[in-house]
There are 2 protein chains.
Amino acid sequence: MEGHSPRVHVVTLADVAREAGVGDSTVSRVLRNHGSFSKKTRDRVSEAASRLGYVPNRLAGTLAGSPDSVGSRLVGIVIPSLTNVVFPDLLRGMSGVFDSAGFQSVIGVSDYDAVREEAVISALLSWRPAGLIITGLEHTAATRTRLKASGIRIVEMVDTDGPWIDIVVGFSSREAGSASARHLLSRGYRRIGYVGHDISRDVRAAKRLAGFVATLEETGHSVVDREIVSNASSVAAGRAGFDALMARSPKIDAVYFSNDDMAIGGYYHCLSRGWAVPRRVALFGFNGLDMAMSLPQPMSTIATPRLKMGQIAAEKLSAGGPSETIDVGFDLIEGATA
Amino acid sequence: MEGHSPRVHVVTLADVAREAGVGDSTVSRVLRNHGSFSKKTRDRVSEAASRLGYVPNRLAGTLAGSPDSVGSRLVGIVIPSLTNVVFPDLLRGMSGVFDSAGFQSVIGVSDYDAVREEAVISALLSWRPAGLIITGLEHTAATRTRLKASGIRIVEMVDTDGPWIDIVVGFSSREAGSASARHLLSRGYRRIGYVGHDISRDVRAAKRLAGFVATLEETGHSVVDREIVSNASSVAAGRAGFDALMARSPKIDAVYFSNDDMAIGGYYHCLSRGWAVPRRVALFGFNGLDMAMSLPQPMSTIATPRLKMGQIAAEKLSAGGPSETIDVGFDLIEGATA
DNA sequence: TTGAAAGCGCTAACAT
DNA sequence: ATGTTAGCGCTTTCAA
């Protein structure tokens, strides 16, 4: 800290009060437009405040605030990753709602790791947020306990398959996998492969695969071969995985990908190889990304209501109703690739 | 709030002190591992703390903290949008640094609007952050004044073309545009078009275009036709804009896009039309996204060090050196599309 | 090594 | 309608 800051005196509420020639509490009332005061004092105060460039200290405000109003106008958000487009979309959904509600969000990234998540949640809790929005239902026992003990609103978003804490907003990952399997079967594909990214960390991708496999097996079918790349999902990873899979099992007639990024990689590979899609091989993704739906042949995939989930999660957090589970569902997109 | 919370008593430092049979300040010292205390008390205190499930209240801690330690372990981040992949990448870069430094980040979205930005920054400032990372150099006069008066570290990231406040981490958008123009000219393209998204809001896209046009004109050339779509940038928008442009000016031999998303749309259109790239028409993007580089023909584009910018921005914010401008540069990728 | 006491900047009774 | 007085939960002198 050298560039500026010769120990800047930050303007406080007391400074404003002195400047306006009124008491502290009057300033507080005027600035929060709460309680009663004459029109004249209102003007004097707001004028003094802006003349001094007063910025209220929310830390102090929240600390002093009534013990009823649990927490501040801060909300904590925990997402597994910023790499995956899905999460920025969720944030975007919340953003609108929180903006109009006057909430600020503190964001933590768990990196798909329940232990890191525990640490991140502790850190967020120490800011005494009004509530927490977290991703998925898989948490450590300690996290679950601490969350319940916190007494604040907890929203778990994205997935609905499992035990929850307070409010859940999402859809069934397992069911999404099943629906994908049913679609491929109904189209007549029988030699089905899978290309996925590191699934030990992405629990929901694992659940989709589980639902997918279960549905195939219920009808006497199976995944004939699978290729798991060790990295996070990406177009490049999908392309490499698909290449490896098809080289090993060329008779495969349809591939289920862990998500659209991966599936786009597969599609690019088909383009390069000159393979007709879906004649030579059908492709099925997950997410319903813009990039995937705008391909020369729109991807067959499952579109998830990410913005909507974010919005609902934010609304439920700020509203304060009973605990509940909201299933937002998903849409199977019958694209041109499967 | 009904699900749980029959007015939960949140454990305070005083509770821990009572439980451990010591004074408040002792607990404070032990928990922050600062000052001196016997090994015995250390154990008693930390045991009591974990038995009670104590979560320190950072609001109170920061408020009480020394007036020297400007601000908390909170940093404010302002980005224009969450839609554009670029910004999550920047956040990701910061995330790692802040995690290890024990900082929490509060994020605000300005929606490419200087007036909204002003409001967002005020809101962030009210949490008394240790510093602020904001995007770009274009701010309202009021924002600039308030930022300077705040006395905290301010990092402006992404762009270096213009007047700054404290620390700048980025590259020259104008120069990126120029480099793109030079590349297309050196490859022999002469009938050059432009397809862009709403540029009145995205200042940096406008600067790139300005640099691009200036360089063409310096060498006696010009942009023969341009198509601006009114929406935000997306693959679909790029495709539509490119279609319109080529329908109107079919003789165009190269197109400069406002970014990779848009350029991918153009590429998809060529695929659908069966146009050979770059023979029929060359394409040039901006950003260097995974999606663009993994195309059957890797996109010719400019890759920007987004993670690195985020990292450096975060480091500069936490480190506290003199004001400075750090130019991280960019890489022109000689792909297969131009 | 430890405790007591004085705030940090604000809000919320309670007076007036 | 407005001022006065306690705190909110913590950190930090300053004594002991």
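The sequence lines fix the lettering, A, B, ..., with proteins before strands; numbering per chain opens at 1. The figures here come from the full heavy-atom set of this structure, side chains too, leaving out hydrogens, waters and symmetry mates. Predicted, not measured: the structure shown is a model, and the values here were computed from it.
Looking at which nucleotide of DNA chain C each of V22(B) and L63(B) is closest to, the 5′-most match is held by V22(B).
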Inset, instruction - Apply side chain to side chain contact (heavy atoms under 4.5 Å, CB included) to V55(A) and R128(B), showing your working. - result: CA-CA 9 Å; V55(A) 177; R128(B) 295 292 182 270; 3.8 Å; yes
Inset, instruction - Give the C-alpha distance, both sets of side-chain angles, the deciding distance and a yes or no for side chain to side chain contact (heavy atoms under 4.5 Å, CB included) between V155(B) and L132(B). - result: CA-CA 6 Å; V155(B) 180; L132(B) 235 44; over 6 Å; no
Legend entry - Residue pair W127(B), L59(B): steps toward the side chain to side chain contact (heavy atoms under 4.5 Å, CB included) verdict: CA-CA 9 Å; W127(B) 293 104; L59(B) 297 175; 4.3 Å; yes
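When distances are taken from the side chain of R29(B) to each of dT2(D), dG3(C), dC10(C), the shortest belongs to dG3(C).
Looking at S38(A) and T41(A), their side chains do bring a donor and an acceptor atom within 3.5 Å of each other. H139(B) and E118(B) are not linked by any side-chain donor-acceptor pair at a separation below 3.5 angstrom, with hydrogens and angles left out of the test. Remark: the R32(B) side chain and the S28(B) side chain contain an N/O donor-acceptor pair separated by less than 3.5 Å.
Here the P atom of nucleotide dA4(C) and the CG atom of D24(B) are 8 Å apart, to the nearest Å. F37(A) places its CZ atom 9 Å from the P atom of dT2(D), with the value rounded to the nearest Å. Computed from coordinates, the L13(A) CG to dG3(D) C1' distance equals 13 Å when rounded to whole Å. Per the geometry, CH2 belonging to W127(A) stands 13 Å off P belonging to dC10(D), to the nearest Å. Atom P of nucleotide dT11(C) and atom CZ of R73(A) are separated by 13 Å, given to the nearest angstrom. dG9(D) atom C1' lies 13 Å from atom CG of L31(B), rounded to whole Å. We find that CG of L59(A) is positioned 14 Å from C1' of dT11(C), with the value rounded to whole Å. Taking atom CZ of residue R128(A) and atom C1' of nucleotide dC10(D), one finds them 11 Å apart after rounding to whole Å.
A rotation axis mapping the C1' atoms of four pairs onto the next four is fitted at both ends of the helix from dT1(C)-dA16(D) to dT16(C)-dA1(D) over five pairs, and the angle between these axes is 40° to 10 degrees.
Within residues 39-48 of chain B, the residues having any heavy atom closer than 4.0 Å to DNA chain C are, in order of number, T41(B).
For R32(A), no side-chain nitrogen or oxygen approaches OP1 or OP2 of dC10(C) to under 4.0 Å. Between S36(A) and dA1(D) there is a side-chain N or O to OP1 or OP2 distance below 4.0 Å. Phosphate contact (OP1/OP2 of dC10(C), side-chain N/O of R58(A), threshold under 4.0 Å): absent. In this model, the phosphate group of dG9(D) is not approached by any side-chain N or O of T12(B) to a distance below 4.0 Å at OP1 or OP2. In terms of phosphate contacts, T26(A) brings a side-chain nitrogen or oxygen within less than 4.0 Å of OP1 or OP2 of dG3(D).
Here S25(B) lies in heavy-atom contact (under 4.0 Å) with a base. Nucleic acid contact class of S38(A) (heavy atoms, under 4.0 Å, all strands): sugar-phosphate only.
In terms of heavy atoms, I152(B) sits closest to A130(B) at CB-O, 3.7 Å. The minimum heavy-atom distance between V97(A) and S318(A), with the atom names listed, is CG1-OG, 4.3 Å. Residues M309(B) and L90(B) approach most closely at CB-CD2, 3.8 Å, considering heavy atoms.
With a 6.0 Å cutoff to the six-membered ring centre and a 45° limit on the axis angle, R29(A) does not count as a cation-pi contact of F37(A).
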